[in-house]
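Hydrogens, waters and symmetry mates play no part in the numbers below; they use all other heavy atoms, side chains included. Each chain gets a letter, A, B and so on, in the order its sequence line appears, and its residues count up from 1. This one's a predicted model, so the numbers in the text were calculated from it and none came from an experiment.
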Number of protein chains: 4
Amino acid sequence: MTGRPRDPAVDDAIRQAALDLITEQGYRGVSMEGIAARSGVSKQAVYRRYPGKGEVILDVLAAYARTRLPTPDTGDLREDLLALLEETFAAQRGVPGALNQALAAEALQAPAFAERVSSELINARRDAVRQILTRARDRGQVAHPDDEVLIDLVFGPMWYALLFDAGKLTDAYAAALTDAVIAAATRAP
Amino acid sequence: MTGRPRDPAVDDAIRQAALDLITEQGYRGVSMEGIAARSGVSKQAVYRRYPGKGEVILDVLAAYARTRLPTPDTGDLREDLLALLEETFAAQRGVPGALNQALAAEALQAPAFAERVSSELINARRDAVRQILTRARDRGQVAHPDDEVLIDLVFGPMWYALLFDAGKLTDAYAAALTDAVIAAATRAP
Amino acid sequence: MTGRPRDPAVDDAIRQAALDLITEQGYRGVSMEGIAARSGVSKQAVYRRYPGKGEVILDVLAAYARTRLPTPDTGDLREDLLALLEETFAAQRGVPGALNQALAAEALQAPAFAERVSSELINARRDAVRQILTRARDRGQVAHPDDEVLIDLVFGPMWYALLFDAGKLTDAYAAALTDAVIAAATRAP
Amino acid sequence: MTGRPRDPAVDDAIRQAALDLITEQGYRGVSMEGIAARSGVSKQAVYRRYPGKGEVILDVLAAYARTRLPTPDTGDLREDLLALLEETFAAQRGVPGALNQALAAEALQAPAFAERVSSELINARRDAVRQILTRARDRGQVAHPDDEVLIDLVFGPMWYALLFDAGKLTDAYAAALTDAVIAAATRAP
DNA sequence: TGTTAATCGAGACGGTACGTCTTGTCTTTCG
DNA sequence: CGAAAGACAAGACGTACCGTCTCGATTAACA
């Protein structure tokens with residue numbers, strides 16, 4: 001019932017290989033076969049841990065997310081939101097952006113996987129924005145009653161850009177989007 | 001130099017097969033191989049017309065788009081926007097939604113293709129919203145100076161939903177989103 | 001140095017599982033993996049006892065052989081030979097036939113194993129025929145000087161049939177073969 | 001309906017690769033994967049031609065068989081049989097021997113394949129012996145009525161040796177076996 | 001009225017990845 | 001130490017697509 005425990009070095013090798021591949025070649029260059037080859041691990045060892053490459057990427061991204069900074073809390077809605085967006089967009093310009101794109105591609109091919117991504121990754125990010133909005137509302141800075149839609153205004157454009165124009169995610173765009181979202185938030189419909 | 005002209009029936013058969021496949025099985029079930037087999041056409045005949053499945057889907061969607069209604073123009077920003085979003089979201093609940101998801105999946109795998117999708121499909125939709133905003137601005141209903149960001153507020157959440165939660169695109173959501181966008185539009189940052 | 005003694009129940013379970021598998025699915029269905037799974041024993045427990053599936057089968061067959069009848073001795077060459085062949089062929093129509101086929105398949109893949117099969121199984125059977133021939137020669141019924149070739153005439157066709165046409169091994173064939181071998185034996189070349 | 005014709009160079013490459021592999025490494029070293037790799041051919045190209053490695057080997061051996069000498073016809077039973085057996089045994093000491101062993105191994109794993117081997121290869125060899133026997137009977141040199149059993153006496157020991165002791169197939173053994181078979185043939189049971 | 005050239009279907013071709021299966025070894029915990 | 005459990009590297013299995021190619025057979029427009 002116990003058996004030989006999984007070798008953590010294998011876990012690391014798999015994650016590292018997946019990360020390397022996506023960094024060097026993008027989503028197209030990632031395959032279960034390639035991950036195994038690159039990591040010097042057997043295919044079985046990979047399939048034992050993950051049902052598909054989507055879950056590998058999800059796990060790699062989760063590792064990234066674990067080392068993320070806390071939600072900004074400056075006492076000002078605009079400053080909080082801008083800080084969050086700048087940081088988030090900056091990440092999208094790097095490896096996490098490629099990982100997110102890969103995640104999106106996988107999600108499009110399997111609704112069940114989309115569900116997992118939502119619950120394990122997306123929601124955490126939404127929570128951060130929700131905190132910011134809640135605190136601002138307590139300070140009377142938010143009039144719009146529907147947090148969920150406001151959060152969609154924040155992340156929708158980001159994914160939209162990841163799909164069709166990743167270069168768009170600059171600091172300037174973070175500022176412009178922040179302004180627009182705040183305009184929506186501070187006014188009741 | 002002239003040679004045998006292309007058979008229009010083959011064009012139709014290809015588009016129809018692609019449409020059938022995506023309707024029945026989603027993006028995963030679509031392959032150049034499958035399209036050829038389903039349509040009773042040779043693979044070469046498909047590749048002669050399209051460089052990849054992305055372009056097939058793009059073409060099928062373009063055929064849909066050609067039969068689309070004109071941009072609403074009621075004289076009221078909210079009504080215009082709501083009508084547009086309801087109509088658009090309704091489409092996403094049907095076959096065009098699946099086609100859009102497929103398009104997104106392809107775009108994620110080839111930046112060059114993402115570019116094509118942008119210029120040939122996305123921009124047309126953005127133009128519609130831009131018209132609505134421009135007319136409203138002329139009537140003094142829009143204070144926000146940056147149309148492009150406002151348009152992102154409209155379509156970003158839609159693609160976001162197509163990625164992770166297609167069921168979200170209801171009439172109610174169209175209304176909520178309309179309200180939020182208008183809140184942003186009517187207020188200068 | 002002594003440690004825990006091996007559990008004889010494990011030995012039995014392994015042999016039984018191997019026997020079951022070969023009975024139900026033939027040689028193709030036998031694997032070390034399968035034997036372990038079927039017997040509810042760890043793979044290690046199997047490998048500790050046998051270097052490969054060939055030896056498992058050899059052991060199972062040896063268990064069968066232990067319960068075999070003695071060499072016939074009726075005082076007549078033809079009767080002795082016929083009795084032996086009928087009994088032997090009858091066995092080949094059953095589970096021992098499948099085991100022999102498996103043994104042959106293993107032998108073909110490892111000459112060293114072929115050697116073991118020869119010395120541990122084949123030779124015992126050859127001895128039986130050799131006894132019959134020796135007794136007959138003492139009675140003046142055998143003129144052919146080379147027992148080994150005569151024995152080959154007996155068993156060669158049997159293995160030949162096991163390879164390509166196991167259904168051939170009927171009582172009628174035992175009789176026909178007996179006649180031919182006796183014809184060869186009673187005449188000096 | 002016609003399609004691109006199969007490239008004969010591919011056929012040759014496959015057969016050559018299979019031959020090389022079996023020559024260098026024996027039956028164990030042959031795999032569909034290896035044949036494809038070695039021949040520089042895609043796996044599909046192999047599977048398109050053969051359902052399994054057994055059929056590849058069968059085909060290679062058939063190519064050998066096509067270039068075989070005609071059945072000896074010296075007017076004397078002993079000379080004919082000896083010539084045939086010496087030639088046949090000599091072949092078993094070389095590559096065809098390895099091919100035959102491989103064939104046997106495959107036949108043991110699939111009765112359907114055993115059937116094919118019988119009809120496409122074995123029977124041709126039996127025919128040769130049958131011709132020799134028939135001619136000898138016409139000359140009054142054969143008294144035994146059952147050709148099929150006599151043929152089994154010829155080939156049985158050969159396959160028996162291929163299974164468990166390939167080194168046995170010397171010229172001396174060919175002579176000894178010839179003598180024994182003739183002893184059986186010239187005497188009615 | 002023939003060429004000529006691009007089409008059509010069919011299907012072979014080299015590749016790559018898929019996900020599963022065995023093999024034989026190794027590593028853990030428990031008895 | 002034996003036993004069950006199960007991880008591990010290695011590599012074959014047979015299938016599916018990819019995008020390209022080579023056929024023989026059409027189907028026009030041009031000569």
Side-chain angles (χ1 to χ4, degrees), chain A residues 1-11 13 28-37 39-53, chain B residues 1-7 9-10 13 30-37 39-53, chain C residues 1-7 9-10 13 30-37 39-53, chain D residues 1-11 13 28-37 39-53:
Chain A
M1 198 66 89
T2 48
R4 175 175 175 176
R6 294 199 180 161
D7 185 348
V10 169
D11 295 67
R28 285 301 291 269
V30 183
S31 67
M32 294 298 267
E33 198 96 24
I35 290 170
S39 60
V41 142
S42 70
K43 278 168 67 175
Q44 272 298 351
V46 184
Y47 277 108
R48 203 174 288 130
R49 289 166 169 76
Y50 307 100
K53 54 182 160 174
Chain B
M1 195 62 91
T2 49
R4 175 176 175 175
R6 290 194 182 167
D7 185 348
V10 170
V30 182
S31 68
M32 293 298 265
E33 200 95 24
I35 291 170
S39 60
V41 143
S42 70
K43 275 170 69 177
Q44 197 60 263
V46 183
Y47 277 107
R48 218 182 327 258
R49 288 165 171 78
Y50 307 100
K53 56 182 160 174
Chain C
M1 191 64 91
T2 48
R4 175 176 173 179
R6 290 195 181 164
D7 184 348
V10 169
V30 182
S31 68
M32 294 297 265
E33 199 92 26
I35 291 171
S39 59
V41 142
S42 70
K43 275 170 67 178
Q44 197 59 262
V46 184
Y47 276 107
R48 205 173 289 130
R49 288 163 171 79
Y50 307 99
K53 55 180 161 174
Chain D
M1 197 66 90
T2 47
R4 175 176 175 175
R6 292 197 181 164
D7 185 348
V10 169
D11 294 67
R28 286 300 291 269
V30 182
S31 68
M32 293 298 266
E33 197 95 24
I35 290 170
S39 60
V41 142
S42 69
K43 276 168 69 174
Q44 272 297 351
V46 184
Y47 278 108
R48 206 174 286 132
R49 288 165 170 78
Y50 308 99
K53 53 182 160 174

(Q) Checking Lys43(D) now: which residues fulfil side-chain hydrogen bond (donor to acceptor under 3.5 Å, both in side chains) with it, not counting sequence neighbours? (A) Glu33(D)
Q: Taking salt bridge (Lys or Arg N to Asp or Glu O under 4.0 Å) as the test, write out the residues that go with Arg49(A), two or more places apart.
A: Asp11(A)
Q: Please name the pair of heavy atoms, one in Ser39(B) and one in Ala13(B), separated by the smallest distance, quoted to 0.1 Å.
A: CB-O, 3.4 Å
Q) Between Ile35(A) (CD1) and dA9(F) (P), how many Å, whole number? A) 14 Å
Q: Specify the residue among Thr2(A) and Gly3(B) whose closest nucleotide of DNA chain E lies further upstream toward the 5′ end.
A: Gly3(B)
Q | Atom-pair distance (CZ on Arg48(D); P on dT15(F)), nearest Å | A | 13 Å
**Q.** Minimum-distance nucleotide (side-chain atoms of Val10(B) versus dC8(E), dA10(F), dG2(F))
**A.** dC8(E)
Q. Can you name the closest pair of heavy atoms from Met32(C) and Tyr50(C) and give their distance?
A. CE-O, 4.0 Å
Q) Taking only residues two or more places apart in sequence, or in another chain, which ones meet Arg48(A) in a side chain to side chain contact (heavy atoms under 4.5 Å, CB included)? A) Arg6(A), Gln44(A), Ala45(A)
Q: Report, as a single string ordered 5' to 3', how protein heavy atoms within less than 4.0 Å touch nucleotides 20-26 of chain E: B base, S sugar-phosphate only, - not at all.
A: BBSBBBB
Q | With sequence neighbours excluded, residues passing side-chain hydrogen bond (donor to acceptor under 3.5 Å, both in side chains) with Asp7(D) | A | none
**Q.** dT7(E) OP1/OP2 closer than 4.0 Å to side-chain N/O of Arg49(B)
**A.** no
Q. Whole-Å distance between dT27(E) P and Asp7(A) CG?
A. 10 Å
**Q.** d(CZ, Arg6(B); P, dG9(E)) in whole Å
**A.** 12 Å
